[in-house]
Amino acid sequence: MKDEKERLYDFLISKLGDSVSKKSDEITVDTRTISVAKFKQLVNKFDYRRNFINRYWVELRKDEIRINTFTRREESKENKKGTLPSIIKHGF
């Protein structure tokens with residue numbers, strides 16, 4: 001999401017106007033103009049539009065929103081092998 005930080009900031013400016021500010025590594029929003037839950041919805045909307053919904057998830061902690069990446073589960077070797085072909089003899 002680091003590459004998309006500038007695009008997220010531009011998206012929030014277009015939706016919220018001057019209540020959004022950007023510091024070095026953080027984007028802050030004035031909570032008097034929008035609730036934290038509505039802000040989370042906007043960030044989720046950005047993720048959905050940019051097709052990041054399968055890579056990132058948005059977490060709400062008190063007055064802070066964090067964007068986290070999904071961790072991939074490693075498949076077991078049993079799942080990679082697949083199913084064995086049938087060896088049933090047919091009596092035709």
Side-chain angles (χ1 to χ4, degrees):
M1 195 85 183
K2 293 178 183 177
D3 300 336
E4 297 294 322
K5 193 177 296 185
E6 197 66 38
R7 288 186 181 147
L8 175 61
Y9 178 69
D10 293 338
F11 175 78
L12 293 173
I13 286 287
S14 70
K15 298 293 181 185
L16 300 176
D18 293 334
S19 62
V20 180
S21 63
K22 182 179 170 188
K23 294 183 182 176
S24 62
D25 197 27
E26 296 179 350
I27 297 173
T28 57
V29 177
D30 185 13
T31 56
R32 291 176 282 174
T33 59
I34 188 170
S35 68
V36 179
K38 293 284 185 182
F39 181 62
K40 181 184 175 194
Q41 286 178 346
L42 278 175
V43 175
N44 275 331
K45 188 176 189 178
F46 175 79
D47 282 350
Y48 180 76
R49 287 185 176 181
R50 299 291 297 165
N51 201 18
F52 294 143
I53 208 75
N54 294 328
R55 288 187 268 167
Y56 301 103
W57 59 281
V58 180
E59 177 184 17
L60 176 64
R61 289 186 184 175
K62 296 181 183 177
D63 292 340
E64 188 175 283
I65 293 177
R66 293 182 180 215
I67 300 172
N68 302 313
T69 57
F70 285 114
T71 56
R72 291 185 164 256
R73 292 183 292 160
E74 292 189 25
E75 294 183 16
S76 64
K77 292 180 181 179
E78 296 171 2
N79 292 343
K80 290 183 181 179
K81 288 182 182 178
T83 58
L84 297 174
S86 176
I87 55 172
I88 299 173
K89 293 183 181 179
H90 298 284
F92 296 160

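These figures come from a predicted structure and were not determined experimentally. Hydrogens, waters and symmetry mates are skipped; everything else that's a heavy atom, side chains included, is used.
- Connection of Val43 to Trp57 is not established within any shared hydrophobic cluster, with ILVMFWY side chains joined at heavy-atom distances below 4.5 Å, either directly or through further cluster members.
- A 4.5 Å side-chain heavy-atom check between Leu42 and Leu16 finds at least one atom pair inside the cut-off.
- Annotation: side chain of Arg50 is not in contact with side chain of Phe11 (no heavy-atom distance under 4.5 Å).
- Taken from NZ in Lys22 to CG in Asp10, the straight-line distance is 8.0 Å, to the nearest 0.5 Å.
- In this structure, Lys38 places its NZ atom where only 12 or fewer heavy-atom neighbours from other residues, nucleotides or ligands lie under 6.0 Å away.
- For the residue pair Ile27 and Lys5, the shortest heavy atom distance occurs at CD1-O, 4.0 Å.
- Under the 4.5 Å side-chain contact rule for hydrophobic residues, Tyr9 and Tyr56 share a cluster.
- We find the CD1-OG distance between Ile13 and Ser19 to be 7.5 Å, quoted to the nearest 0.5 Å.
- Heavy-atom contacts from other residues, nucleotides or ligands closer than 6.0 Å to CZ of Phe70 number more than 12.
- The distance from atom CZ of Arg55 to atom CD1 of Ile67, rounded to the nearest 0.5 Å, is 12.5 Å.
- No option in Leu8, Thr33, Val29 other than Val29 meets the side chain to side chain contact (heavy atoms under 4.5 Å, CB included) test with Val20.
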